[in-house]
There are 2 protein chains.
Amino acid sequence: MLQRSSSVPTTHEVRRAEGSAGTLEQPQRTTPAEPLGRGAGTLEQTKGSAVTERRKVAANTTLRDVAERVGVSVSAVSMALQDHPRIGDDTKRRIREAADELGYVTNSAARALRASKADAIALIVPNTSQHVFGHAYFMHVLTGVTAVANRNDAQVVISTSPDESHGKVAYDRVLRSGSVDGAIVTSAAVTDDGIQRLVADGLPVVLLGRFPYLPDAVSVGIDDVRASELATEHLIQAHGRRALVHLTGPLDHQSAIDRRDGFLAAAARHGVGTYIVEGDFSEESGAAAGPQIEALGDVDGLVAANDEMAFGAMRHLLGRGRRVPEDLAVIGFDDFGLSRVTTPSISTMHVPAERMATQATDRLFDLIGGARVAADEAHTVQPVELIARQSCGCEPMGRAQGGDKQ
Amino acid sequence: MLQRSSSVPTTHEVRRAEGSAGTLEQPQRTTPAEPLGRGAGTLEQTKGSAVTERRKVAANTTLRDVAERVGVSVSAVSMALQDHPRIGDDTKRRIREAADELGYVTNSAARALRASKADAIALIVPNTSQHVFGHAYFMHVLTGVTAVANRNDAQVVISTSPDESHGKVAYDRVLRSGSVDGAIVTSAAVTDDGIQRLVADGLPVVLLGRFPYLPDAVSVGIDDVRASELATEHLIQAHGRRALVHLTGPLDHQSAIDRRDGFLAAAARHGVGTYIVEGDFSEESGAAAGPQIEALGDVDGLVAANDEMAFGAMRHLLGRGRRVPEDLAVIGFDDFGLSRVTTPSISTMHVPAERMATQATDRLFDLIGGARVAADEAHTVQPVELIARQSCGCEPMGRAQGGDKQ
DNA sequence: CTGAAAGCGCTTACAG
DNA sequence: CTGAAAGCGCTTACAG
């Protein structure tokens with residue numbers, strides 16, 4: 001345990017270290033333990049740079065300041081900066097130069113107030129942040145959302161509810177305060193009526209996932225039922241498994257419901273035995289299911305509703321001497337990162353979270369732009385892909401690399 | 001590959017599946033493959049709920065609307081809603097009721113313009129989002145930042161630069177537009193002068209990491225040099241390794257510089273041989289370093305500047321028949337998730353990213369509140385912890401669980 | 001104790 | 001072609 005300390009090591013100390021590393025030969029492309037680069041020592045040289053000069057540019061240069069400098073009206077400046085055709089080229093140039101010199105930046109609150117648009121979208125996460133950010137899913141979503149927002153010169157506001165019971169408040173505040181022009185909503189429970197209010201309010205909103213309760217809402221998802229059927233059939237058809245257990249997600253989430261239903265449908269179609277163990281998408285719930293799965297002596301395949309639970313269960317069972325995939329073939333769901341790095345690597349249904357987010361955000365900007373969506377185009381479905389790795393038996397153990405994705 | 005389709009499975013199909021799962025016995029706590037819960041079938045019942053009634057509450061109810069309803073002035077409403085003491089209790093109550101009825105929500109742009117505060121902070125990520133969100137680090141940071149922001153009733157705006165060259169623009173826009181009251185800056189390269197401008201501009205900013213170039217900037221970090229020394233000494237002292245290779249991060253990042261310097265310092269102090277291989281924090285760069293490390297016949301220990309590179313290198317070497325930890329003891333850095341789930345699990349220096357973010361955000365709100373920071377308190381250091389797992393040899397292989405953290 | 005007025009910085013329809 | 005004026009919705013200092 002390293003104690004709190006602010007001692008900064010001197011470059012000197014390090015150079016000594018360097019010296020004694022001398023005698024070993026250097027293999028190709030291996031840099032010698034040499035140039036220490038910018039250490040604390042170079043600090044003084046850089047201190048008095050351009051930075052210090054432009055200190056405290058008065059927190060707010062306004063259009064008025066620029067107008068006075070150039071000797072034109074405030075309106076002229078406003079228009080010039082928007083490249084309005086009615087301002088002459090020469091005037092525009094002078095105005096822009098002055099704006100640059102003065103370090104003018106549009107006050108976003110004033111613009112938002114006047115133009116009633118915020119140039120920002122919200123990413124709403126109805127659960128507590130602790131709970132949700134724990135999932136790599138969110139990272140992929142955020143990547144997709146910010147990429148598209150950037151393209152549209154919009155900011156992204158992250159909105160998590162402080163606690164479960166105040167979910168509605170979060171929705172309302174953010175969206176109706178005018179601080180964002182629309183929202184992407186993710187990870188909402190089926191029972192969450194905040195979403196319904198949002199959609200009913202007529203604000204531009206795109207949902208991530210499938211929401212059968214809100215058939216008119218614009219949403220982007222995958223076909224979880226079909227995907228789960230494919231996963232299940234893979235264990236049955238490619239690996240001849242005959243008694244399957246399904247580890248569910250929290251059943252107040254549509255994806256968990258759909259994945260369970262797909263599992264049951266496929267199992268029934270092929271006449272294999274089924275067990276259901278309820279989990280909550282966490283690795284812990286997967287581990288907790290381990291003993292229950294052990295007790296199910298005849299089970300030879302596990303379909304988990306996500307990779308984290310698959311991992312939790314698998315780790316428990318491996319620790320108890322069960323072999324994966326020989327004794328128990330395992331397939332997960334998501335492919336958000338974990339499944340690729342475990343041993344055995346976990347076969348899974350790849351959910352294109354980033355692409356879903358990208359499409360959802362594109363659609364959101366369409367809505368903000370005034371686009372209307374036909375009823376039969378409200379929900380978009382992204383394709384899912386089976387990634388066969390070691391845990392189902394497709395890929396031999398020992399080989400290090402899995403079928404990489406994402 | 002599942003094709004795009006919006007077919008919704010009928011509950012009927014699923015119920016059939018259910019039937020055929022009957023005969024197996026149910027172990028304890030294992031739910032029978034029974035109640036299907038809310039499927040697509042229940043959709044119609046819920047459709048005509050309260051939701052449909054409260055449609056399109058005119059996008060903007062203003063103070064004026066509330067004032068007219070109650071028969072008081074706009075100012076009275078504004079003050080009542082702020083619980084200003086000069087408004088009588090009875091009037092306050094009537095105003096609040098009317099505001100609720102009308103669904104009044106403060107227009108944040110107007111408030112921001114008037115009060116010149118946005119009740120929002122920015123989390124600035126100077127790199128492209130693709131690059132950065134790939135790291136679990138960011139997830140932990142975001143968790144910490146949003147938690148504290150929530151406590152302060154502030155929004156979090158994520159700001160990533162669209163591309164490397166426009167980094168400065170992103171800084172300026174966000175911060176000087178008045179849309180946020182301050183910023184947390186993370187992952188900045190040493191050479192990034194956007195930070196310097198930010199700090200020089202006098203805006204409330206807290207940096208995540210150590211910035212020797214900006215000694216006066218408020219920042220929260222760890223002592224990377226010391227932490228890396230501890231990691232290195234662990235391989236030397238606890239495991240008797242005598243020839244170590246260090247896999248560096250990108251050397252334009254201070255943490256990479258510090259970790260390398262700590263490695264060299266510790267190695268020198270104990271008189272063990274050293275090699276340096278330059279990486280970039282990516283798993284790929286770790287894998288690419290694999291062959292170089294193989295070429296270093298006598299090396300018996302690897303200190304990687306992060307876990308991803310440790311994993312990349314380890315996986316390559318294991319694939320080539322080298323044993324970890326027997327032939328090569330490995331220790332990584334970060335403990336953001338990966339190191340715990342691999343086989344062997346990776347011993348590492350735990351970086352408390354979430355706690356760093358929490359503290360940084362607390363300090364940011366202090367600054368926004370007008371707090372002044374003494375020069376010797378500008379930089380805060382969080383403790384780091386060595387997590388000993390399998391890859392160094394501390395924990396036997398076979399046992400499933402690693403020393404969990406975070 | 002309460003109302004009317006000024007003004008935050010911007011944009012845009014209206015005059016000249 | 002350009003300037004002055006109105007007004008977005010709010011807060012707060014100023015009158016009554």
Side-chain angles (χ1 to χ4, degrees), chain A residues 57-96 98-99 102-120 153 173 175-181, chain B residues 57-96 98-99 102-120 153 173 175-181:
Chain A
V57 177
N60 27 356
T61 306
T62 73
L63 284 184
R64 196 151 169 272
D65 298 323
V66 180
E68 278 171 5
R69 169 80 149 242
V70 181
V72 294
S73 72
V74 169
S75 355
V77 177
S78 171
M79 290 171 147
L81 261 23
Q82 291 171 79
D83 206 20
H84 192 104
R86 96 172 211 189
I87 306 291
D89 282 347
D90 186 58
T91 317
K92 265 183 198 163
R93 196 181 38 69
R94 281 166 47 224
I95 289 174
R96 290 207 185 108
L102 296 172
Y104 172 78
V105 175
T106 303
N107 178 307
S108 57
R111 170 175 287 169
L113 178 57
R114 186 57 235 239
S116 30
K117 68 190 285 284
D119 286 322
D153 284 316
R173 280 275 178 68
L175 278 138
R176 310 195 41 224
S177 71
S179 58
V180 296
D181 302 322
Chain B
V57 177
N60 26 356
T61 307
T62 72
L63 285 185
R64 195 151 170 272
D65 298 323
V66 180
E68 278 170 6
R69 170 80 150 245
V70 183
V72 293
S73 71
V74 169
S75 353
V77 177
S78 170
M79 288 170 150
L81 263 23
Q82 292 171 80
D83 206 20
H84 193 105
R86 94 172 211 188
I87 307 291
D89 282 348
D90 186 61
T91 316
K92 264 184 199 164
R93 198 183 36 69
R94 281 168 45 225
I95 289 173
R96 289 208 185 108
L102 296 172
Y104 172 79
V105 175
T106 303
N107 178 306
S108 57
R111 170 175 285 171
L113 177 57
R114 186 58 237 235
S116 24
K117 67 192 285 285
D119 285 321
D153 285 316
R173 279 273 177 70
L175 279 138
R176 308 193 45 220
S177 71
S179 58
V180 296
D181 302 321

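Scope of the values below: all heavy atoms of this structure, side chains included, with no hydrogens, waters or symmetry mates. In the text below, chain A, chain B and the rest are named by the order of the sequence lines, each starting its count at 1.
- B:L63 approaches B:S78 most closely through the heavy-atom pair CD1-CB, 3.7 Å.
- We find that NZ of B:K92 is positioned 11 Å from P of C:dT2, with the value rounded to whole Å.
- Counting non-hydrogen atoms under 4.0 angstrom, A:S78 reaches a base of the nucleic acid.
- At whole-Å resolution of the value, CG in B:N107 and P in D:dC8 are 11 Å apart.
- Closest heavy-atom contact between B:S179 and A:S108: CB-OG, 3.1 Å.
- Within the nucleic acid shown, A:A115 has no heavy atom closer than 4.0 Å to any nucleic acid atom.
- Rounded to an integer number of Å, the gap from CZ of A:R114 to P of C:dG7 is 19 Å.
- Interatomic distance, A:Q82 CD to A:K92 NZ, rounded to the nearest 0.5 Å: 10.5 Å.
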- Decide yes or no on salt bridge (Lys or Arg N to Asp or Glu O under 4.0 Å) for B:D119 and B:K117, but give the supporting numbers first. CA-CA 6 Å; B:D119 285 321; B:K117 67 192 285 285; 2.6 Å; yes
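- Counting only heavy atoms from C-beta outward, the side chains of A:T91 and A:V72 approach each other to under 4.5 Å.
- Put simply, CG on A:L63 is 15 Å from C1' on D:dA4, counting in whole angstrom units.
- No option in A:V66, A:D83, A:V70, A:V77 other than A:D83 meets the side-chain contact (heavy atoms from CB on, under 4.5 Å) test with A:R96.
- A straight line from CZ of A:R64 to C1' of D:dA5 spans 15 Å, rounded to a whole angstrom.
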- Item | Verdict with reasoning, B:L81 to B:Y104, per side chain to side chain contact (heavy atoms under 4.5 Å, CB included) | CA-CA 10 Å; B:L81 263 23; B:Y104 172 79; 3.6 Å; yes
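- For A:L81 and C:dT12, the CG to C1' distance is 15 Å, given to the nearest whole Å.
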- Bracket notation of DNA chain D in which parentheses pair within the strand, [ ] cross earlier pairs, and | pairs with another strand (Watson-Crick or G-U, under 3.5 Å): |||.||||||||.|||
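- C:dC14 atom C1' lies 11 Å from atom CE of A:M79, rounded to whole Å.
- Enclosure of atom CZ in B:R64 is not indicated, since only 12 or fewer non-hydrogen atoms of other residues, nucleotides or ligands lie within 6.0 angstrom.
- Look at CD on A:Q82: it is 16 Å from C1' on D:dT2, rounded to the nearest Å.
- To the nearest 0.5 Å, the span separating CG on B:N107 from OG1 on B:T61 amounts to 11.5 Å.
- Across all strands, B:S75 comes closer than 4.0 Å to base atoms (heavy-atom distances).
- At a non-hydrogen distance threshold of 4.0 Å, A:R86, A:G88 from residues 83-91 of chain A come into contact with DNA chain D.
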